[in-house]
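Written out below as structure tokens is the structure these notes cover.
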Amino acid sequence: MATDYQRIVKDGLWDNNGVLCMLLGMCPTMAMTTSATNGLGMGLATAVVMAASNLLVALFRDRITQEVRIPVYILIVAAMVTLVDLTMNAWMHELYKVLGLFIALIVSNCLPLARLEAFASKEPVLNSLLDGIFMGLGFTISLTVIGAVREIIGSGTLFADASLLLGPAFKFLEMRILPEDTGVLVMILPPGGFLVAGLLVVAKRILDVRAGKGIQMAGAHSV
Amino acid sequence: MKIGNLLHVRHGLVLGCFCLGFGLVLAFTDRLTSKDIAARALEDRQNSLSQVIPGSIHDNDPVEDKLVIKDAGNRDITVYRSRLQGKVTGVAFESFGTGYGGEIRLMLGVDDQGRLLGVRVLAHHETPGLGDKIESKKSDWILRFTGLSLGNPPVERWKVKKDGGQFDQFAGATITPRGVVRAIKSGLDFYAANKASLIAEN
């Protein structure tokens, strides 16, 4: 069983990474990675939704009939997103002001739905919960890295406003890498998102080939 | 045929139960959070008001002292009034302009003489790194309007430099500052048109 869990963790974080391998959830990936902090926040919110919805679907999977499963999945994801939205607005208001507009975007992210259909509807509860957490974390890492690259080249900073997201204790994360007004603007604009995401996909494949694994086929392991 | 019908009923029941269940969960969460959310929204409003109305000119809570007036475009504008010992010392209201990426919402503070106490951008969709210099946390551009009024500079100079006015646009962006300057001017026009009812009680 231990290797099973290892497999799930590795799949989520690297081998079957939602963004860099399966290329799912591109809408928030492009929209929210103008800075590392935004990417991190969006990723974490998505991870919470994914873990919760994976858990719920795995719990109820004997009750959910094949024919109505898609509407039920959408219902579950939408309900989880609304829960996150309401609780963040009430109790994490500073964070909500930064991310609020984008929380609703999680519903339109196909990554949670894909994991419900491909994984949580077939696997035991604990496995599904782990898959949700680590797929979510893999998504978070990808978004943070894309955001960091775009932010450094585009605005010359790294983790700007991180203290708004994580609390004053994380002020040390906020760095200025390049002098002010030297940023390459295109990196913060939408084309920059495609450029960086594309280059990172290439980088991941090169690393995989070097490691002798060959190119992972999207979803080959768990679908 | 009968079995088919039963299956349909079953699918409907499954879907219905899930809807009911999650509906209850959401209703419960809404009840739990609505008070806090309303409190946060009020704090936000107080914060944006306190940026355009200095604390020294009022002893009331402007959020509570509001008035709804229709502007030239027939839009409902909520005006918040600051008072010192019952006398209206200034007003704050939202003004709207069009930038490069759509609507720009501003909060304007104006004193009883028609001078700007402050201007802040509440929401915009301008290009990050270019048009977003209108935010006070990105640049001090927006602060230059404090103290100005419709006569200072003269009305025909209330434009960006490119249009023959007196306000700087910033590198690479003209449309955004133009939209902001127009919004501020239309806000001051709104104030002038309604001055009588805004500070009537003085």
Side-chain angles (χ1 to χ4, degrees), chain A residues 31 33-35 38 52-53 56-57 60 62-97 100-101 150-151 153-157 160-161 164 180-190 192, chain B residues 4-48 100-102 122-133 135 137-141 170-173:
Chain A
T33 54
T34 50
S35 77
N38 283 354
S53 49
L56 282 173
V57 166
F60 292 119
D62 297 332
R63 304 260 175 281
I64 303 171
T65 51
Q66 200 60 16
E67 287 78 359
V68 293
R69 70 186 196 285
I70 302 290
V72 172
Y73 295 164
I74 294 175
L75 179 71
I76 289 178
V77 176
M80 290 305 110
V81 169
T82 313
L83 279 181
V84 171
D85 189 82
L86 287 174
T87 45
M88 265 179 79
N89 192 353
W91 300 313
M92 288 181 268
H93 195 66
E94 286 309 308
L95 182 54
Y96 185 77
K97 277 196 262 183
L101 270 175
R150 289 178 71 183
E151 190 184 349
I153 307 178
S155 10
T157 54
D161 294 333
L164 279 184
E180 216 149 320
D181 284 329
T182 51
V184 183
L185 188 65
V186 71
M187 295 310 265
I188 317 183
L189 299 178
Chain B
N5 277 343
L6 271 178
L7 273 177
H8 283 311
V9 171
R10 189 176 162 222
H11 296 152
L13 277 179
V14 169
L15 195 52
C17 287
F18 274 100
C19 286
L20 187 66
F22 283 108
L24 285 175
V25 172
L26 288 183
F28 181 69
T29 318
D30 182 55
R31 247 193 111 98
L32 215 61
T33 54
S34 60
K35 242 193 209 136
D36 286 303
I37 290 176
R40 294 297 98 74
L42 187 68
E43 277 170 27
D44 284 351
R45 190 127 304 264
Q46 275 163 343
N47 275 339
S48 62
Y100 189 69
L122 295 179
H124 71 85
H125 311 279
E126 302 308 292
T127 315
L130 272 182
D132 65 353
K133 293 197 184 82
E135 289 174 35
K137 69 174 185 203
K138 300 256 160 77
S139 143
D140 57 7
W141 185 81
F170 24 77

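Basis for what follows: all heavy atoms, side chains included, without hydrogens, waters or symmetry-related copies.
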### Message
At a 4.5 Å cut-off on heavy atoms, which part of B:Phe18 comes close to chain A: side chain, backbone, both, or neither?
### Response
both
### Message
Using every non-hydrogen atom in the two residues, find where A:Arg150 and A:Met187 come nearest and quote the distance to one decimal.
### Response
NE-O, 2.7 Å
### Query
Side chain, backbone, both or neither: which part of B:Asp30 has a non-hydrogen atom closer than 4.5 Å to chain A?
both
### Contacting region of A:Leu56 [heavy-atom separation from chain B under 4.5 Å]
side chain
### Query
So B:His8 and B:His11, would you call those rings parallel, tilted or perpendicular, with 30° and 60° as cut-offs?
perpendicular
### Query
What residue in B:Thr29, B:Leu15, B:Asp44, B:Val14 has the most heavy-atom pairs under 4.5 Å with chain A?
B:Asp44
### Query
Picking from A:Thr34, A:Asn89, A:Val68, A:Ile64, which has the most non-hydrogen pairs under 4.5 angstrom with chain B?
A:Asn89
### Message
Do B:His124 and B:Glu135 have side chains that approach each other closer than 4.5 Å (heavy atoms only, starting at C-beta)?
### Response
yes
### Task
Indicate yes or no for a side-chain donor-acceptor contact from B:Arg31 to the backbone of B:Phe28 under 3.5 Å, with no hydrogens or angles considered.
no
#### Entry: Contacting region of B:Cys17 [heavy-atom separation from chain A under 4.5 Å]
neither
#### Entry: Separation of A:Leu86 CG from B:Leu26 CG (nearest 0.5 Å)
7.5 Å
#### Entry: chain B interface, residue from A:Thr87, A:Thr82, A:Leu75 that has the most non-hydrogen pairs under 4.5 Å
A:Leu75
### Atom pair CG/CG of B:Leu13 and B:Leu6 - distance to nearest 0.5 Å
10.5 Å
